[in-house]
There are 2 protein chains.
Amino acid sequence: MTVLDHAPGEVRDRAEPCRPGPKPGRPQGRDRYTISEVAEYTGLSAHTLRWYERIGLMPHVDRTHTGQRRYTDRDLDWLDLVGRLRLTGMPVADMVRYAQMVREGEHTVAARERLLSAHRDDVRRRIAELRSTLDVLDYKIDIYADARRRASEGV
Amino acid sequence: MTVLDHAPGEVRDRAEPCRPGPKPGRPQGRDRYTISEVAEYTGLSAHTLRWYERIGLMPHVDRTHTGQRRYTDRDLDWLDLVGRLRLTGMPVADMVRYAQMVREGEHTVAARERLLSAHRDDVRRRIAELRSTLDVLDYKIDIYADARRRASEGV
DNA sequence: TAGAGAGTTGGAGTGCACTCCAAGCAAGCG
DNA sequence: CGCTTGCTTGGAGTGCACTCCAACTCTCTA
């Protein structure tokens, strides 16, 4: 199931995949993944997956009759999003707030949009910052490269 | 003094400003700045400036006869570079290695260039990563915006 | 010359995001 | 059955980059 299957007007409450389309590299769609399969797939450690659950960053995960976790494709979609937000440096506390709002349902949609928009602005700012540092790096590396060239030519 | 004043073939051993030209916002060039002036200028706390010195990230800073620090324009140049590397997420340990190499002199020039080049690659990778996350963010924000629009139009 | 304010030190404390540990339960295999 | 491998928990530990503290000295202005 992808986001494109939604009835119009619906915003899904739980998994909210990042983008439509099949996810590559996902263990064939059994929809009952063990923690180590999910660790492998996401690159997070099993420790971290349990910790995410403890702090409320992960919606409640299904269990077997003996209490072992079984993750669904929805859970993997959610972890995709979390992983991306994490890559862009969103603090875990903010992601937890977002997860809480998702759990609270429709009436938090505007606040969720604000949170994501603010974060997008932040990411844009950081890209610009990185670009300008890249210029400085280029400048300094050029100086070193020149020095090396002169040295190797014995000038 | 800027990097443009060097005799050809020389790579300066200590301050290595990020780029040529006058630095704006620098307390008028008395070349003897107190720690609080430097804190103000760099945005770092005085605590952090002392800590940088302790861990070897800052070359030895001049002192008054009573032991108070007096930073020079060269020190400020160095802090400019450190600040930029920090903004791009270079670990402090790597910056300390770089500072050590600068202190060791000419024969570390090639290694310094390698370190900076590797970091530049890293920054480029992170920019690409941020860009791709930006796409995901746009996609999700669009969904929220659509939902909000539909809700406000009562459709 | 008195007092405020800024500087000094080593070492301890903080916040974040994991990361690991010990002790125990459960499933599958020869 | 015993063994290995994987899962469970709460709580403790780690690494990074600061950040603050206590107890002091120094500088500057009135």
Side-chain angles (χ1 to χ4, degrees), chain A residues 27 30 32-58 60-72 75 78-79 81-100 119 122 126 129 133, chain B residues 27 30 32-58 60-72 75 78-79 81-100 119 122 126 129 133:
Chain A
R30 298 186 336 289
R32 301 280 290 170
Y33 310 106
T34 65
I35 198 165
S36 56
E37 284 169 332
V38 177
E40 164 95 1
Y41 170 69
T42 59
L44 299 166
S45 72
H47 294 302
T48 301
L49 287 168
R50 293 193 197 101
W51 179 66
Y52 277 4
E53 213 176 316
R54 269 217 299 262
I55 64 174
L57 179 50
M58 188 73 211
H60 180 77
V61 175
D62 278 0
R63 302 292 180 121
T64 64
H65 69 105
T66 56
Q68 295 198 355
R69 289 171 182 81
R70 288 297 179 269
Y71 292 81
T72 64
D75 294 328
W78 173 255
L79 286 170
L81 175 63
V82 165
R84 286 186 175 274
L85 295 179
R86 196 178 58 115
L87 274 181
T88 54
M90 183 186 275
V92 167
D94 285 3
M95 294 194 276
V96 170
R97 280 205 311 130
Y98 182 78
Q100 272 163 359
H119 184 59
D122 203 69
R126 278 224 306 299
E129 208 169 71
T133 301
Chain B
R30 297 186 336 290
R32 300 281 290 171
Y33 311 106
T34 66
I35 198 164
S36 57
E37 284 169 331
V38 177
E40 164 96 0
Y41 170 70
T42 59
L44 298 167
S45 71
H47 294 302
T48 301
L49 287 169
R50 292 192 197 102
W51 179 66
Y52 276 5
E53 213 176 318
R54 269 218 297 263
I55 64 174
L57 180 50
M58 189 71 211
H60 180 77
V61 175
D62 277 0
R63 303 291 180 120
T64 64
H65 67 104
T66 57
Q68 294 200 354
R69 288 171 182 81
R70 288 297 178 269
Y71 293 80
T72 64
D75 294 329
W78 174 256
L79 286 169
L81 175 63
V82 165
R84 286 185 175 275
L85 295 178
R86 195 178 60 115
L87 274 181
T88 53
M90 183 187 275
V92 168
D94 285 4
M95 294 195 276
V96 169
R97 280 206 310 130
Y98 183 76
Q100 271 163 359
H119 185 59
D122 203 71
R126 279 226 303 301
E129 211 169 70
T133 302

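Just so we're on the same page: letters track the sequence lines, and every chain starts at 1. What you see is a predicted model, and the numbers here were worked out from it, not measured in a lab. Only this structure's heavy atoms are used, side chains among them; waters, hydrogens and symmetry mates stay out.
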Open item on the list: Are more than 12 heavy atoms, taken from residues, nucleotides or ligands other than B/Glu40, located less than 6.0 Å from that residue's CD atom?
Closed with: no
Task: Which residues share a side chain to side chain contact (heavy atoms under 4.5 Å, CB included) with B/Arg86, sequence neighbours left out - done: B/Leu44, B/Tyr52, B/Met95
Open item on the list: In this structure, how many angstroms lie between the C1' atom of C/dG28 and the CD atom of A/Gln68, rounded?
Closed with: 12 Å
Open item on the list: Rounded to whole Å, please give me the gap between CG in B/Leu49 and C1' in C/dA6.
Closed with: 15 Å
TODO: Using a cut-off of strictly less than 4.0 Å between a heavy atom of the residue and any atom of DNA chain D, enumerate the qualifying residues of residues 85-97 of chain A by number.
DONE: none
- [ ] Assign A/Arg70 to base, sugar-phosphate, or nothing according to its heavy-atom contacts below 4.0 angstrom with the strands shown.
- [x] nothing
Open item on the list: Looking at C/dA27, I'd like to know if its phosphate oxygens (OP1 or OP2) sit under 4.0 Å from a side-chain N or O belonging to A/His65.
Closed with: yes
TODO: Looking at every strand, decide which applies to A/Ser45 at a 4.0 Å heavy-atom threshold: base, sugar-phosphate, or nothing.
DONE: nothing
- [ ] Would you mind reporting whether B/Thr88 and B/His119 have side-chain heavy atoms less than 4.5 Å apart?
- [x] yes
Task: Pairwise 5' ranking along DNA chain C for A/Arg50 and A/Thr66, keeping only the more 5' one - done: A/Arg50
- [ ] May I ask you to check whether over 12 heavy atoms, not counting those of A/Glu129, lie within 6.0 Å of atom CD?
- [x] yes
Open item on the list: So A/Gln68 and A/Ile35, do their side chains get closer than 4.5 Å, heavy atoms only?
Closed with: no
Task: Where chain B begins and ends its contact with DNA chain D, read 5' to 3' at 4.0 Å from heavy atoms - done: D/dA17 to D/dT27
TODO: Would you mind classifying the nucleic acid contact of A/Ser36 as base, sugar-phosphate or nothing, using non-hydrogen atoms under 4.0 angstrom?
DONE: sugar-phosphate
Task: Close side-chain approach of A/Met58 and A/Val82, heavy atoms under 4.5 Å - done: no
TODO: Take A/Asp75 and A/Tyr33 through the side chain to side chain contact (heavy atoms under 4.5 Å, CB included) test and state the conclusion after the steps.
DONE: CA-CA 10 Å; A/Asp75 294 328; A/Tyr33 310 106; over 6 Å; no
Open item on the list: Looking at B/Arg69 and C/dG7, is any side-chain donor or acceptor paired with a base atom of the opposite kind under 3.5 Å?
Closed with: no
Task: Test item: A/Arg50 and A/Arg69 side chains (from C-beta on) under 4.5 Å apart, heavy atoms - done: yes
